[in-house]
Amino acid sequence: MDLSSILKNLIGIIDIMIVIFTPKVFFTFTILFLAVIATIIVFIVMKKKKKKYVLGAIGIEVLLTIALFFIYFSAKDFPRVYLEKDSLYQTRDNNITLKEAAEDRGIYIGFADNMKNIEKDGYSDILGKEFNAFTPENAFKWSKLLKNGEIGNYDFTKADKYVKFAEDNNLRLRGHVLIWGKGYPSQLKEKLNKVEYKEEFLRSIMREHITKVMKHFEGQVDIWDVVNEPIDLMEARLENNIFYEVLGKEYISYAFELAHKADPNAELFMNGYIGKDPQVLLNLLQELVDEGVPIHGFGLQGHIMNKAGNVKKTEEFLKQVSDMGLKVEITELDVRLRALEEIANDDIYEAQGKYFGEVLEACLRVDNFTGITCWGVSDKNTWYNSLPPYQWMKPNDPLLFDVNLNKKPAYYHIYDVLKNDIK
Ligand code: XIL
């Protein structure tokens with residue numbers, strides 16, 4: 001590794017840390033860390049006499065670090081104004097459900113979840129009423145479809161339950177996901193390391209997976225995330241994942257060709273985040289379209305973790321994708337409550353609701369926009385609650401229903417935007 005690639009990696013790591021921890025938190029701890037190192041160096045080179053002052057300084061720095069750690073990484077409590085008796089939300093009466101409002105608009109309103117939450121937390125009855133689309137959060141991922149993690153050894157029993165649930169509740173079911181550089185069976189790497197003809201081998205494994213899975217669900221799952229997250233998180237380029245390493249960017253078009261062959265009637269999406277420079281993703285999509293690769297849409301994730309930024313840029317991006325003749329959907333929307341901390345005045349749940357509304361409003365201005373899916377139903381079961389560091393930085397509360405299944409301002413803002421005239 002030469003100096004420039006070490007530097008590049010370092011900058012990449014800093015970028016990621018800033019995204020995960022916010023600039024304020026990252027820079028505070030970096031400065032404190034550097035101060036501790038500097039004082040230790042001073043301590044080492046100093047003459048005996050004055051060492052106790054330096055020790056004192058180190059002690060203060062360490063205490064400050066611990067205190068700030070608690071301030072930044074501990075749970076907080078925010079008032080739930082929307083539950084107060086005289087609140088706007090407790091006194092209003094919607095005459096139709098979210099699903100009906102979405103259907104009047106001709107779009108999908110969806111949720112993702114795991115069956116065990118739906119069953120255990122007893123909200124299965126609201127789902128078919130409020131939503132018309134469903135994404136199994138994990139059940140259709142490659143390794144979840146395998147018996148004992150063995151490549152080629154499929155067990156569809158669990159996934160079939162999701163199909164039944166979707167059918168019973170008239171929900172469009174989204175197959176998430178076929179090829180994903182961050183989510184594949186661990187056996188794949190081991191096997192690839194052993195074989196001589198890696199390209200051929202990987203192609204045959206991809207062919208088997210996509211064909212088996214799509215054929216199994218043919219007629220039941222009509223829309224698939226064929227490739228997930230092809231863009232690098234840190235740099236403005238495609239992600240150098242296991243598929244890219246062996247097949248180059250061809251792995252993407254190959255996956256779509258296979259998917260189209262397996263089920264010519266299915267709608268095929270690429271799914272993911274935009275990354276550092278939108279142009280990388282736009283170029284990729286344009287190339288696929290120009291080459292006649294069977295891709296029908298792009299699903300933008302939308303995990304808002306720390307900063308609820310301006311949605312104008314997202315709208316511009318989606319419009320450019322739509323202009324290519326592709327459909328666009330928001331596939332994994334969740335807005336951490338604390339991403340609103342800096343801009344909310346007194347009612348942070350209301351600020352969160354407004355943000356949800358703004359996102360949907362922007363999407364509705366895009367021609368080929370077909371739907372919006374939240375990554376979860378109840379705040380009780382959001383993936384952030386078990387994802388470090390957010391599992392400590394509660395409340396995450398990123399969804400439309402709270403832990404007791406009360407409708408939050410976010411629910412009503414989405415509803416109102418669906419009902420209002422946009423443009
Ligand atoms: C997440 C699930 O929500 C978690 O339960 C699981 O542990 C990890 O994966 N982008 C995606 C989703 O495309 O599949 C991820 O889902 C969240 C990020």
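Since this is a predicted model, take the numbers as computed values, not measurements.
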Gap separating the [atom1] atom of [X] from the [atom2] atom of [Y], nearest 0.5 angstrom:
X      : Y      : atom1 : atom2 : answer
Leu337 : Asn396 : CG    : CG    : 8.5 Å
Ser378 : Leu400 : OG    : CG    : 10.5 Å
Leu418 : Glu103 : CG    : CD    : 11.0 Å
Met270 : Leu284 : CE    : CG    : 4.0 Å
Phe29  : Met17  : CZ    : CE    : 11.0 Å
Asn306 : Tyr390 : CG    : OH    : 4.0 Å

Could you go through the side chain to side chain contact (heavy atoms under 4.5 Å, CB included) check for Leu178 and Trp142 one step at a time?
-> CA-CA 7 Å; Leu178 293 167; Trp142 194 340; over 6 Å; no
Evaluate the ring planes of [X] and [Y], with Trp represented by its six-membered ring, and classify them as parallel (under 30°), tilted (30 to 60°) or perpendicular (over 60°).
X      : Y      : result
Phe165 : Phe111 : perpendicular
Tyr162 : Phe140 : perpendicular
His216 : Phe156 : parallel

Can you confirm whether [X] is buried at [atom1], in the sense that more than 12 heavy atoms of other residues, nucleotides or ligands lie under 6.0 Å from that atom?
X      : atom1 : value
Lys354 : NZ    : no
Lys120 : NZ    : yes
Phe69  : CZ    : no

Hey, is [X] close enough to [Y] for a salt bridge, meaning N to O under 4.0 Å?
X      : Y      : result
Glu267 : Lys327 : yes
Arg172 : Glu329 : yes
Lys164 : Asp160 : no
Lys408 : Asp402 : no
Arg203 : Glu200 : no
Asp225 : Arg174 : yes
Lys198 : Glu245 : no
Lys319 : Glu315 : yes
Arg92  : Asp416 : yes

Start with the C-alpha gap between His260 and Trp224, add the side-chain angles, then the distance that decides, and say whether ring pair (Phe, Tyr, Trp, His ring centres under 6.0 Å) holds.
-> CA-CA 10 Å; His260 185 61; Trp224 286 93; over 10 Å; no
List the steps and the verdict of side chain to side chain contact (heavy atoms under 4.5 Å, CB included) for Leu326 and His296.
-> CA-CA 5 Å; Leu326 294 173; His296 308 117; 5.6 Å; no
Closest heavy-atom pair and its distance - [X], [Y]:
X      : Y      : result
Leu288 : Ser253 : CD2-CB, 4.0 Å
Met324 : Gln286 : CG-OE1, 3.3 Å
Val177 : Val227 : CG2-C, 4.5 Å
Ala255 : Met206 : CB-CE, 4.0 Å
Ile274 : Leu300 : CG1-CD1, 3.6 Å
Ser74  : Ile71  : OG-O, 4.0 Å

May I ask you to check whether [X] and [Y] place their ring centers less than 6.0 Å from one another?
X      : Y      : answer
Phe356 : His413 : no
Phe131 : Tyr108 : no
Tyr412 : Tyr89  : yes
Tyr254 : Phe256 : no

Could you go through the side chain to side chain donor-acceptor pair (under 3.5 Å) check for Asn117 and Asp121 one step at a time?
-> CA-CA 6 Å; Asn117 295 332; Asp121 289 319; 5.9 Å; no
Please check: side-chain N/O of [X] versus main-chain N/O of [Y], any donor-acceptor pairing under 3.5 Å?
X      : Y      : result
Lys215 : Ala262 : yes
Ser322 : Asn368 : yes
Asp232 : Met234 : yes
Thr211 : Glu208 : no
Asp379 : Leu399 : yes
Glu332 : Trp375 : no
Ser143 : Pro185 : no
Tyr273 : Ile231 : yes
Asp277 : Gln279 : yes
Thr91  : Leu88  : yes

Show the numbers, then the answer: is there a side chain to side chain contact (heavy atoms under 4.5 Å, CB included) between Tyr384 and Met305?
-> CA-CA 9 Å; Tyr384 292 124; Met305 300 181 178; 3.6 Å; yes
Is there a side-chain contact between Lys8 and Glu235, using heavy atoms and a 4.5 Å cut-off?
-> yes
Phe269 vs Phe298, ring pair (Phe, Tyr, Trp, His ring centres under 6.0 Å): CA-CA, chis, key distance, verdict = CA-CA 5 Å; Phe269 270 63; Phe298 180 77; 8.3 Å; no
Where do Glu229 and Lys182 land on the salt bridge (Lys or Arg N to Asp or Glu O under 4.0 Å) test, with the steps shown first?
-> CA-CA 8 Å; Glu229 301 182 342; Lys182 298 186 193 73; 2.9 Å; yes
Residue among Lys76, Lys380, Arg80 satisfying salt bridge (charged side-chain N to carboxylate O under 4.0 Å, His left out) with Asp397 | Arg80
Stepwise side chain to side chain contact (heavy atoms under 4.5 Å, CB included) test for Asn241 and Tyr251 | CA-CA 10 Å; Asn241 56 42; Tyr251 89 88; 3.3 Å; yes
From the options Val221, Thr135, Asn138, select the one residue that forms a side chain to side chain contact (heavy atoms under 4.5 Å, CB included) with His176.
-> Thr135
So among Tyr411, Tyr349, Phe401, which one has a ring-ring contact (aromatic ring centres under 6.0 Å, His included) with Tyr82?
-> Tyr349
